[in-house]
Structure formats: C-alpha cells, structure tokens
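Single-structure report; data block below.
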2 protein chains.
Amino acid sequence: MPFEDKKKSRVTLLDVARRANVSRATASLVIRKSPLVGTETRARVEEAMRELGYVYNMGAARLRAERSHTVGVIVPNLTNPFFAELLSGIEAGIDSAGMVVILANSGDLVERQDMVMRRMREHGVDGVIVCPAAGTEPAFLHQLAEWDLPLVQVLRQISEEVDYAGADYAAGMRQAVDYLASLGHRTIAFAVQGPIHSAYRERVEGFRDAMQSRGLDPSMIVRVPNQIGEIADAAHLLFDEHEQPTAVICFNDVIALGLSAGLYDRGLKVGENFSLIGFDDVTDAEAMRPRLTSVSTAPVTIGANAARLLLDRLPDPIRPARRVVNETVLHIRQSCGPIAISPDNNPPASG
Amino acid sequence: MPFEDKKKSRVTLLDVARRANVSRATASLVIRKSPLVGTETRARVEEAMRELGYVYNMGAARLRAERSHTVGVIVPNLTNPFFAELLSGIEAGIDSAGMVVILANSGDLVERQDMVMRRMREHGVDGVIVCPAAGTEPAFLHQLAEWDLPLVQVLRQISEEVDYAGADYAAGMRQAVDYLASLGHRTIAFAVQGPIHSAYRERVEGFRDAMQSRGLDPSMIVRVPNQIGEIADAAHLLFDEHEQPTAVICFNDVIALGLSAGLYDRGLKVGENFSLIGFDDVTDAEAMRPRLTSVSTAPVTIGANAARLLLDRLPDPIRPARRVVNETVLHIRQSCGPIAISPDNNPPASG
DNA sequence: AAAAGCTTTTAGATCGATCTAAATGGAAAG
DNA sequence: CTTTCCATTTAGATCGATCTAAAAGCTTTT
C-alpha cells in the first residue's frame, strides 16, 4: 500500500486530476459517471483515484450542488421495538438509493421536535421522514413544506397536504372485532395506552364503528399504564366495569403481552376462558404462549413505503400529496377461543 | 411573518451581515458565540437573523472548519430490540453534545460494513461508533484509525488498540451459573445463537470457566435457530443430550422467550421443575410469566458510554485506547427454582 | 482547404461558511 | 498631542467540489 506522504492532510480532486493529467473538471465528471468523458481518460482517472486513496468529499459537493444525499428521520421513541422495525425499513430504502439517514429522537415532545427539525435543516437534509410527535400542529408541517423541505409523515397523519405512509388501522380494528364477534363474543374491551395522536384516534374510532355496526356496546375503553411491568397489575381495570368482558383487543402487542401476564395472574386462561387480540404483530407474538393472535401492521413495510414516497418526491416537489396505506392482516393463532366453551366466566359474582 | 422575497433561494450569512450593518466575519463570530463581539453588535446580528429566518449552513461551515458535527453509527441489525436500545443510548449522548447521528445497518456482513464505512467517510463524519460485523478483522479498524477517523467499538471488541464500550459478559455468566448452582442445579445447558464474535466468545468462555470452577460439566452447549418462531420448536435439542439438564442459561432474552414457550409446550413448568435464565434483561422480561430471571447488560447505558468515549476522543485523537466495561446485574425473578422440588424431571424415560 | 458538426476537455466563477492577519477606534499612558 | 494598548471589526483568501460557457481535437461535409 503506497502511502505517498501521510502528512499532507487530504487527497483532493485536484490531486487526482494532476496525477491523471487532466483538469479538475474532467475528474469531477468521471466521479459523477458522466457519459461525456472518453473511455481511456476515465480509466486513467479511476486508476489515479485508487492509487491515491481518494475519498469523495460530500460536504464540498453539497455546497455547490445543493444536494446532500442525506435524509432526516425523526421518531418519537427508539426503545419501542415497533419503531425500531419501522426505522429498519426506512434505512434499507434510503440506503438502497445511495443516501444516508440522519436519525433523531423527538421523545414525542413537540419542543424537541422543533429543535431536531431545525438541526436537520442546518445539516441540509434533502428531505425528512417524520412520525410527528403527539400534539404536532398541521401548521408545523406546512411551514416546512413552505421552506421547500420535502416531507413525509409516517404512522401518524397530521396534514392531508403532506405525503403519508401508514396502515389502515380502522380496518384492522374491524378485522379484530369481526373475528371476536364470529366467535360469539359480545362484551369486548379495548385496552389503550399512550399519547393521543391520529393513529390512536383511528384505532379508537375503528373500534367504535366496528362494534356499533354489529350492535355491540363500544364504550368499554380502558387506559392502561405505559410501563410494561405495570400493565399486568392493571388487568383488574378490565373487570371493574359494569359488565364483564369476555375478550379484549389491545392497542398494541406490548399491552397484549402485559395483559396476558396479568390475566394469567388472575387465573384466567387466555384462549380458553378469555380471548386476547394484539395489534402490530411484532416478532415476539409468535413466541408467546398461547401464541398471540394479532393484527399485523408490518412496520418494516411501512418504513419502506415512507422511504419510497420521499425518494419519489425529491425530484418533483410540487406533485400532489400521496397516501400509501398498508392493508392490515389478522394473524390468527391461539389467544382467542369461542365464548361457548367458557360459560363460567360471565356471571357477575361467581367463584 | 414577513417573507421578504420568497423567490431568492436562501438567506445567507452575508444577508444577515448586511441587514445588521456588520461584516460577514462579525456575523460569523456571533453565530459561534465568540466573546470577541460587542454586546450591542451581537444583539443587532441576532435580531437580523431572526428577522430574515436565517438557517445555519453546516455544510459550508464544515468545508472550511473540518468538523461536521456528525457521528456515524453502524449496527448489525435494527430489528433486534437490544440494538434499538443501544442506539437509543448512543443517540441521546450524541444529541446532547449538539451533534447528529448518521445511521447505517451492516446486516452483520463485512462487505456491507466496508461499504457503509466508506459512505461515512465521504459524508465527513467526525467519528464512528461501530458494533463490528462478525468476522471483522482488526486490520480494518486499524486502517480507519490510520486515516485519523476517531473510532469506538461497542458490544464487540476486535482490537485492543481502539476504544471499547461493552459489558462484562463473562462475569454475567458467572452470576448466572453461581445462582443456579446455589439452587442445587448441576446439569446446566447453555443455549446459544447467531454469528460468532467477541461477545459470543466471552459468554461461552465465561460459561465454561464458571462451570469448571465449580466442577460442573461445561460441554452442554446447544445451538438454537435464529428465528424466534423456530426456537420454541427447538427446545427438544436440550433433551437430546446424554444427560438431562435441569436448567438452561440463554445467550439472550429472545432465546429465553422462545425456549420458555417450547418448554411450556413440553409440559415443563418453568420456575418449578425447570429453571431458565435470560441474558440482557430487555424490557419484556418483566412481562413474561413466570417473570424471567435475567442478567442485565443495560444496552442503553452501554450506548451512552460509547457516545461518551467518542466525544472524549474527538478533541484528542492520540490518547491511549480506553475500555469501559459495564457491570452486569442478575435480576432474580421467578423463572428459576431449587432443584429439590422437582425430582420427577430427571429420570430418562418417565411418563 | 475551409466550414460545420461532433465529442471531449478545460479555465474560472461559485456555493456559504471560517480563518488569518491586519485595520479601526477609543481610552489610557507618556 | 502623540504613542501605546486593548477591545472590536473586517477584507480577502480558503475549504473541495460543481457549473457554465467556451476551447480544443476530431471527423465529415462542402
């Protein structure tokens, strides 16, 4: 490995050009794979680049060319495996376009979101994929669009005028309710959690609509704690209500996991005398016992869709906003059973 | 909000300077919070910046100042919640220093790792935090150091000459073995998974040493599948051996979760007639039933440590390599029990 | 042989900040 | 009143690429 002179700070395009006996401009064309340069010249320049160990300087290029090959991604929470999978899908899509992801965590706080968004602009990202923090105003997104910053909202939709990638949560809820109803359940609870945002509302409204359209009471909506360890201990909330539910739909799989433990603690047998449905179908669902029936929202796919939307928008900032809404799929496993086989569960004051 | 002229592409420092009746140089000093500028001037410039909606251009600054305020982070896998938590810790640390994270996924493949590392260099990151892909050569890291790229290895250590943040896996293994031994277990299996790397070897050797130092047979090491859904079905592997184990230590919590399901399928009662210990103590451990006893490696903390190491190294590239090795903590919950109460488990061909 | 038409190459300006070294202005010292 | 000193301010070069518009070499046509 021939290191010419290690002292000299950095190999620049000019060094390469001199080595190959061409001008800076020609060397630049070679890098950008322009068809203008001759075959022999191209080979000579590439050879020189290799010999000198040249590394392209994006920073310099961006300054002139006004493109940074950089995409900002803002998520409310990294610890949640759901967002980790989403991020994984986004990263793969962005990466395959030869761009890189600048990551930031908003903590689901609008002030922090303002802050990281500013930082992204300072770093000159070509576009941003954001899962908006709860409480984000449409004006916030509009202003970004105003500033000509290509933008995609993911999972939560704040504005109709901005690209959106998500899943059809309402349809997912209907699948869950229909399935439980087909098993004979009539008193179904909905366990919810976390801050209020569009995805939250879509799920709640989806639940209400699905229940009402079957003539069932949609009012049994129970809020559980955010910490997974505490959810189990909150299972009793389900039974504090006037009527006793025979099944519960969970806002996400984390709740399902927690409640499953809490129901176990109360001596209920999930899948036998009580039914449980999760939402999102993260990979752990397969490993629970009984295996968790869950509505799959495919976060990796949503992430890939968001990346696609952004990449499509970059060349053409004025195209109308698009929405890519993923179908949900009900994965039936073992955590639900027909109501008939467990009549001992329903009476108000038995056992 | 007074938009002077929306057509003009971008508000630059020169615009700000003109508005405030100072030179570009002075405006630049204000931005960088230099103590050289007078109070009244500073106020005037800041006012002008606000009025014009000025956004700092990192790209331009970096070109001249040779600092990008950017850190590369390379992980082998984003879907795994363990890495997601690690990333969360790194991001928080880097963010609090006013820098941003450029994220890449190596897929645990050295070729991809080469590729993303090159990309990071092109983007001019100030440093890189990497969890090296399995099979990474020390020479790879040394070359990066040679190129004056500040570097921190996290979770897996390839080279002694490069900063490292991780956990004391061997000690964690000893804690697990000691605990099981104190409960009377003598035939203990170790369920492992995934590619071979330093963290893998540390855990295996830690297991072997701990077993041997207690006069126990350390050879019962069983490889299980990588997909969580398949782990449960692989539980039988534990009992295909010559001797029947009464306890199993898992390489990570995902395996523990999977095996727990598989053991359940076989009619074994974890915590009563079979003992199970996880490793890493991700948040779900609390929600399993029985609650999973696990060796905590605190990935968020490791991430924070890695960020700290890198931030400390930036100002001083020649300081000797440091190692920050986190203590592990055994979180005792319910998945282990004394061997005495379950004598019916051991006989080779019982009911 | 000159003109026209290609293809390939290039000089020099430019992007928006930072850096260096020097200029400016006012107060204190001689 | 000049000189020195200190605190501020500034002009102009610079970082490493890209862009524009034109030049230089080739054929091919007239």
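Here is the naming used below: chain letters follow the sequence lines, and residue numbers restart at 1 for every chain.
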Taking [atom1] from [X] and [atom2] from [N], how many angstroms apart are they, rounded to a whole number?
| X | N | atom1 | atom2 | answer |
| --- | --- | --- | --- | --- |
| A:M49 | D:dG16 | CE | C1' | 14 Å |
| A:D15 | D:dG16 | CG | P | 9 Å |
| A:K33 | D:dT18 | NZ | C1' | 16 Å |
| B:H69 | C:dA17 | NE2 | P | 14 Å |
| A:R42 | C:dT8 | CZ | P | 10 Å |
| B:R18 | D:dT10 | CZ | P | 14 Å |
| A:M58 | D:dG16 | CE | P | 16 Å |
| B:R67 | C:dA17 | CZ | P | 18 Å |

Taking the side chain of [X] as heavy atoms from C-beta outward, which of [options] is closest to it?
| X | options | answer |
| --- | --- | --- |
| A:V37 | C:dG12, C:dT9, D:dT9 | C:dT9 |
| A:L63 | C:dC15, C:dA17, D:dT10 | C:dC15 |
| B:A65 | C:dC19, D:dA17, C:dA17 | C:dC19 |
| B:L13 | C:dT10, D:dT9, C:dA17 | C:dA17 |
| A:L29 | D:dT9, C:dC19, C:dT9 | C:dT9 |
| B:N57 | C:dG16, D:dC19, D:dA17 | C:dG16 |

Verdict with reasoning, B:V71 to B:V125, per side chain to side chain contact (heavy atoms under 4.5 Å, CB included): CA-CA 5 Å; B:V71 170; B:V125 294; 5.9 Å; no

Should B:R19 and B:D15 be marked as a salt bridge (Lys or Arg N to Asp or Glu O under 4.0 Å) after you check the CA-CA gap, both sets of side-chain angles, and the distance that decides it? CA-CA 6 Å; B:R19 173 84 159 210; B:D15 300 328; over 6 Å; no

5' precedence on DNA chain C between A:P35 and A:R24 (nearest-nucleotide basis):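 Looking at DNA chain C, the more 5' nearest nucleotide goes with A:P35.
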
Decide whether B:S159 and B:H142 meet the rule of one side-chain donor and one side-chain acceptor closer than 3.5 Å. yes

How about B:T70 and B:D126: does a side-chain donor come under 3.5 Å of a side-chain acceptor?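 No, B:D126 and B:T70 have no side-chain donor paired with an acceptor closer than 3.5 Å.
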
Scan B:R32 against the nucleic acid and name what it touches under 4.0 Å (heavy atoms): base, sugar-phosphate only, or nothing.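 Sugar-phosphate, no base atom in range.
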
Just checking A:A61: base, sugar-phosphate only, or nothing, at a heavy-atom cut-off of under 4.0 Å? sugar-phosphate

One pair to check against side chain to side chain contact (heavy atoms under 4.5 Å, CB included): A:Q143 and A:E137. What are the steps and the verdict? CA-CA 10 Å; A:Q143 180 161 71; A:E137 298 290 332; over 6 Å; no

B:Y54 OH to B:E46 CD distance, which is reported to the nearest 0.5 Å: 12.5 Å

Apply salt bridge (Lys or Arg N to Asp or Glu O under 4.0 Å) to the pair A:E47 and A:R44, showing each step before the final yes or no. CA-CA 5 Å; A:E47 169 76 5; A:R44 223 167 57 238; over 6 Å; no

Give the intermediate values and the outcome of side chain to side chain contact (heavy atoms under 4.5 Å, CB included) for residues B:T301 and B:N305. CA-CA 6 Å; B:T301 306; B:N305 290 340; 4.0 Å; yes

Here's a test of your reading of the structure: between B:R64 and B:T41, which maps to the more 5' nucleotide of DNA chain D?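 Its nearest nucleotide lies further toward 5', so the answer is B:T41.
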
5' precedence on DNA chain D between B:V22 and A:A27 (nearest-nucleotide basis): B:V22

If you apply the rule side chain to side chain contact (heavy atoms under 4.5 Å, CB included), what do you find for A:I302 with A:L86, and how did you get there? CA-CA 7 Å; A:I302 297 177; A:L86 174 79; 4.0 Å; yes

Side chains of B:V130 and B:L144: closer than 4.5 Å at any heavy-atom pair? no

Measure all distances between protein nitrogen or oxygen atoms and nitrogen or oxygen atoms of nucleotides 23-26 of chain C, and list the pairs falling under 3.5 Å.
none

Apply salt bridge (Lys or Arg N to Asp or Glu O under 4.0 Å) to residues B:R118 and B:D114 and explain how you reach the verdict. CA-CA 6 Å; B:R118 166 172 204 95; B:D114 280 0; over 6 Å; no

Taking protein heavy atoms under 4.0 Å as touching, what does nucleotides 21-28 of chain D look like 5' to 3' if B marks base contact, S marks sugar-phosphate-only contact and - marks none? --------

I want to check one thing: is the phosphate of C:dG16, taken as OP1 and OP2, less than 4.0 Å away from some side-chain N or O of B:T12? no

Does D:dT9 have OP1 or OP2 under 4.0 Å away from a side-chain N or O of B:S23?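 So the side chain of B:S23 is outside the cut-off, no N or O lying under 4.0 Å from OP1 or OP2 of D:dT9.
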
